[in-house]
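Working notes, structure below.
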Amino acid sequence: MFVEIDCVSFGNGTNDGSDNDNCTTAHDNSRGVRLRTVAKGSVGPVFADINTCKTWNIDCVSLGSAGDPASYGTVGYFTLDTATQYLDGCHHELAAGMSGGTVYTGTTAAQYARNSNLPDVTLPSY
C-alpha cells in the first residue's frame, strides 16, 4: 500500500528506445492513493499501473512524456494487465517539448474518471 501527497516527478529514464520508465508506477497487487501528484518527462507512461494493482488518483496532473511520440507507452495515464485506475479531478496537458496521448487501457485493465480533464477521451465514470 502507498500514498503520494503533493509529489512532483520530472524526467525519469533515458531515451534508450524502451519507453518503460515512469514518473510514478504501481506494480503487482499494490493499492495506492495519489493526491495532487504532478509529473512530466518520463521516457514512457507518466502514471503507469500494471499487474493487479488499484490506484485512486485525485487532482493529479500529467504534463506528457519525453519518450517516442509514436509509442502507446508515452501516454499520461496507463493501465495494463488487470490493473485499475480511478481518475478523480485529474488533468492531462502536454507541456512544451512533451509528447503522448491521454490514456491507454490494456485489454483486461480498467480506467474510470470523474470531474477530470482528459482531452479526446471519454472514460466510464464511477
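One is the number of the first residue; the rest follow in order along the sequence.
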Checklist entry - Who pairs with Thr74 by side chain to side chain donor-acceptor pair (under 3.5 Å), at least two apart in sequence or on another chain? => result none
Checklist entry - Under a single-linkage definition using a 4.5 Å side-chain heavy-atom cutoff for Ile, Leu, Val, Met, Phe, Trp and Tyr, are Val103 and Ile50 assigned to the same hydrophobic cluster? => result no
Next on the checklist: I'd like to check Val8 versus Thr37 (side-chain heavy atoms, cut-off strictly below 4.5 Å). Are they in contact?
Outcome noted: no
Checklist outcome for this item: Rounded to the nearest 0.5 Å, the CG atom of Asn12 sits from the CG atom of Asp21 at a distance of 5.5 Å
Next on the checklist: Could you report the tightest heavy-atom contact between Gly44 and Ser65, atom names first, then the distance?
Outcome noted: O-OG, 3.0 Å
Next on the checklist: Run Thr55 and Asn57 through side chain to side chain donor-acceptor pair (under 3.5 Å) and show every step you take.
Outcome noted: CA-CA 6 Å; Thr55 63; Asn57 303 271; 3.0 Å; yes
Checklist entry - What distance do Cys90 atom SG and Asp59 atom CG have between them, rounded to the nearest 0.5 Å? => result 7.0 Å
Item to check | Any donor-acceptor N/O pair, Ser9 side chain to Ala39 backbone, under 3.5 Å | outcome: no
Item to check | Distance-minimising heavy-atom pair for Ala48 and Pro45 | outcome: CB-CB, 3.9 Å
Next on the checklist: For the backbone of Gly73 and the side chain of Ser71, can you confirm whether one donor and one acceptor N or O come within less than 3.5 Å of each other?
Outcome noted: yes
Item to check | Residue pairs involving residues 95-111 (criterion side chain to side chain donor-acceptor pair (under 3.5 Å); sequence neighbours excluded) | outcome: Gln85-Gln111, Thr105-Gln111
Item to check | Those residues that, when tested against Ser62, pass side chain to side chain donor-acceptor pair (under 3.5 Å) (two or more places apart) | outcome: His92
Checklist outcome for this item: By salt bridge (charged side-chain N to carboxylate O under 4.0 Å, His left out), Asp88 pairs with (sequence neighbours left out) Arg114
Item to check | Beyond-backbone contact of Leu63 with Val61, side-chain heavy atoms, under 4.5 angstrom | outcome: yes
Next on the checklist: Thr84: which residues meet the side-chain contact (heavy atoms from CB on, under 4.5 Å) condition with it, sequence neighbours left out?
Outcome noted: Lys54, Tyr86, Ala110, Tyr112
Checklist outcome for this item: Taken in chain and number order and not counting sequence neighbours, the residues that satisfy ring pair (Phe, Tyr, Trp, His ring centres under 6.0 Å) with Phe10 are none
Item to check | Residues which pass ring pair (Phe, Tyr, Trp, His ring centres under 6.0 Å) with Phe47, listed by chain and number, not counting sequence neighbours | outcome: Tyr77
Next on the checklist: Show the nearest heavy-atom pair for residues Cys23 and Lys40, with the distance to one decimal.
Outcome noted: SG-O, 3.5 Å
Next on the checklist: If I take atom CG from residue Asp49 and atom OG1 from residue Thr79, how far apart are they, to the nearest 0.5 angstrom?
Outcome noted: 7.5 Å
Next on the checklist: List the residues meeting side chain to side chain donor-acceptor pair (under 3.5 Å) with Asn22, not counting sequence neighbours, and say none if there are none.
Outcome noted: none
Item to check | Nearest-0.5 Å distance, CD of residue Glu4 to OG1 of residue Thr24 | outcome: 3.5 Å
Next on the checklist: Test of understanding: with side-chain contact (heavy atoms from CB on, under 4.5 Å), list the residues that count as partners of Asn29, not counting sequence neighbours.
Outcome noted: Arg31, Thr52
Next on the checklist: If the condition is salt bridge (charged side-chain N to carboxylate O under 4.0 Å, His left out), which residues does Asp6 pass it with, not counting sequence neighbours?
Outcome noted: Arg36
Checklist entry - Can you hop from Val121 to Val75 via hydrophobic side chains spaced under 4.5 Å? => result no
Checklist entry - Would you call Ile5 and Leu35 a side-chain contact if the rule is heavy atoms closer than 4.5 Å? => result yes
Item to check | Set of side chain to side chain donor-acceptor pair (under 3.5 Å) partners for Thr82, sequence neighbours left out | outcome: none
Checklist outcome for this item: Sorted by chain and residue number, the ring pair (Phe, Tyr, Trp, His ring centres under 6.0 Å) partners of Phe2 (sequence neighbours excluded) come out as none
Checklist entry - Roughly how far, to the nearest 0.5 Å, is OG of Ser125 from CG of Asn115? => result 8.0 Å
Item to check | Backbone N/O of Ala70 and side chain of Asp68: donor-acceptor pair under 3.5 Å | outcome: yes
